[in-house]
Number of protein chains: 2
Amino acid sequence: MSPPPNPSQPPARASQPNLAKRGDKRVVTDKREAILDAALELFVERGFFGTAVPEIADRAGVGAGTIYRYFESKEALVNAIYREQKTHWGKLVLADFPVAAPTREQFRLLWMRMAQWATENPKAFIFMELHHHQRYLDDQSRALEERMLGLFTAVVVSAQARRELKAGPPQLLMGIVMGAFVGVIRSCVEIDQSLDSADWKLAEQMLWEALRA
Amino acid sequence: MSPPPNPSQPPARASQPNLAKRGDKRVVTDKREAILDAALELFVERGFFGTAVPEIADRAGVGAGTIYRYFESKEALVNAIYREQKTHWGKLVLADFPVAAPTREQFRLLWMRMAQWATENPKAFIFMELHHHQRYLDDQSRALEERMLGLFTAVVVSAQARRELKAGPPQLLMGIVMGAFVGVIRSCVEIDQSLDSADWKLAEQMLWEALRA
DNA sequence: TATCTCGGAATGAACATTCATTCCCCAACG
DNA sequence: CGTTGGGGAATGAATGTTCATTCCGAGATA
């Protein structure tokens with residue numbers, strides 16, 4: 001019953017700085033980060049169950065055991081990635097959201113921010129899409145998902161109230177937009193080249209025409 | 001080296017009718033069908049690697065070994081499902097396609113047929129979407145996919161030539177439409193209730209407004 | 001030297017697949 | 001009409017493999 005190293009708190013954060021004097025967190029973060037990156041890629045390529053933990057270790061350039069110093073289990077790892085990406089995404093997309101702006105502007109902003117983020121992190125986007133609602137996501141991840149969904153729903157509902165969006169189940173409108181967005185990402189990930197900004201604008205225009213009242 | 005039963009040819013078809021006099025194929029088909037159905041559901045719920053073969057057997061109400069009388073391997077099983085569904089879907093959606101009709105009509109027809117099929121077989125639709133481009137799909141399945149994609153691309157390109165659809169990469173337009181469609185399906189599978197026809201029409205209208213020139 | 005992180009072989013559980021056996025159907029026979 | 005035997009379908013325990021997780025010795029740090 002001797003307490004094992006606590007994996008939810010990466011070694012360095014728990015102890016005193018074990019790194020170069022200058023408050024340079026990287027020595028610590030590096031491995032954790034490498035693991036997260038490798039796992040993200042592999043989960044996207046092969047799925048959660050299709051990915052073996054030692055594979056993740058190989059790609060991250062660490063030993064298999066090391067993963068368990070940073071994460072309690074494979075499941076904890078996937079949840080960590082999910083939450084980290086979702087949070088990051090949410091912050092970027094919703095930062096300073098112009099609550100009072102016309103819906104047209106709001107939509108353009110959301111779409112373009114999403115496009116930017118997804119262009120820079122296409123794998124991360126696909127990851128979130130893929131793992132959405134999977135049974136290995138824990139309550140905390142689900143709650144996060146719910147919360148973000150709620151934010152978007154509120155925006156949609158209020159825009160509908162102002163008659164700037166078509167009436168209809170908010171779920172439906174959001175499903176269409178998010179689905180289309182994923183479709184766009186896929187259409188470029190599959191070709192393995194990123195969309196140019198003209199294409200993104202075209203897509204934005206198309207979706208707006210779909211949504212507007 | 002004694003030849004094992006050939007799994008690609010279900011037992012009954014190879015031998016004399018082993019069933020009730022009346023040319024009733026069901027005794028044979030039943031198990032194969034039950035396996036396909038169970039596997040489809042489980043693959044949708046848990047993914048390919050997340051589903052254990054004996055689980056499939058349980059849900060199908062057969063012994064684990066029986067699956068291997070009908071399919072060479074788990075991989076062969078998933079490919080069989082994929083091809084069967086894709087083919088079925090293609091036939092239904094593209095039957096008597098009105099090549100000369102206005103694009104508006106063509107789109108309405110395609111959308112509504114897809115909606116009907118997906119409403120009747122939501123799991124099948126999600127299955128196809130999920131397994132699309134996975135590495136356990138074999139060349140034959142991929143080729144089928146390509147062929148169907150080609151058909152749709154041709155329709156889009158020719159409609160663009162007639163200036164009835166927006167100009168832009170056909171991949172992009174198709175990605176948006178299919179993505180949005182999946183989004184709609186998801187929005188109702190997740191709520192676990194099927195969309196009513198008004199919602200389907202609304203979605204169709206929205207997407208058409210996105211596409212039209 | 002004392003402490004702490006790492007790597008990767010070792011471990012036990014779970015899995016896909018196999019195969020010896022059972023079960024079922026029916027035709028032949030008494 | 002009841003019994004019996006053959007043949008093939010079905011089964012599920014057994015098999016070898018793969019995997020998530022653990023463990024321990026080796027280095028690094030101080």
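Note that these values count all heavy atoms, side chains included, but never hydrogens, waters or copies made by symmetry. Chain A is the first sequence line, chain B the second, and so forth, proteins listed ahead of strands; every chain is numbered from 1.
Within the 6.0 Å centre-distance limit, the rings of A:Y136 and A:F49 are counted as a close aromatic pair. Aromatic ring centres of A:W200 and A:F181 lie closer together than 6.0 Å.
Residue-to-nucleotide proximity on DNA chain D shows that, of A:A64 and A:G50, the 5′-proximal contact is made by A:G50. Residue-to-nucleotide proximity on DNA chain C shows that, of A:G65 and B:S73, the 5′-proximal contact is made by A:G65.
Counting to the nearest Å, the C1' atom of C:dC15 and the CZ atom of B:R46 are 14 Å from each other. Residue B:I35 contributes atom CD1, which lies 14 Å from atom P of C:dT17 at whole-angstrom precision. Straight-line distance from the CG atom of B:D58 to the P atom of D:dT11: 11 Å, rounded to whole Å. The nearest whole Å value for the distance from the CZ atom in A:F71 to the C1' atom in D:dT22 is 18 Å. Between the P atom of C:dC6 and the CZ atom of A:R32 lies a distance of 13 Å, rounded to the nearest Å. Between the C1' atom of C:dA14 and the CD atom of B:E55 lies a distance of 11 Å, rounded to the nearest Å. For A:I67 and D:dC19, the CD1 to P distance is 14 Å, given to the nearest whole Å. In this entry the distance linking CG of B:L42 with C1' of C:dC15 reads 15 Å, nearest Å.
Closest to the side chain of B:V53, from the set C:dT5, C:dA16, D:dA10, is C:dA16. Considering only side-chain atoms of A:K31, the nucleotide from D:dG12, C:dG7, D:dA10 that sits closest is C:dG7. Closest to the side chain of B:K74, from the set C:dA9, C:dT17, D:dT11, is C:dT17. Residue B:R69 has its side chain nearest to D:dA10 when only D:dA10, C:dC6, D:dA20 are considered. Of the candidates D:dT21, C:dA16, D:dT11, the closest approach to any side-chain atom of B:Y68 belongs to C:dA16.
At least one side-chain nitrogen or oxygen of B:Y70 sits closer than 4.0 Å to the OP1 or OP2 atom of D:dA10. Between B:T66 and D:dT11 there is a side-chain N or O to OP1 or OP2 distance below 4.0 Å.
None of B:V78, B:L77, B:V53 except one satisfies the side-chain contact (heavy atoms from CB on, under 4.5 Å) rule with B:F71; the exception is B:L77.
Contact annotation for A:A52: backbone-only contact, meaning every heavy-atom pair under 4.0 Å involves sugar-phosphate atoms and none involves a base.
Side-chain contact between B:Q85 and B:L40 is present, with at least one heavy-atom pair separated by less than 4.5 Å.
With A:F48 as the aromatic partner, A:K74 meets the cation-pi criteria of under 6.0 angstrom to the ring centre and within 45 degrees of the ring axis.
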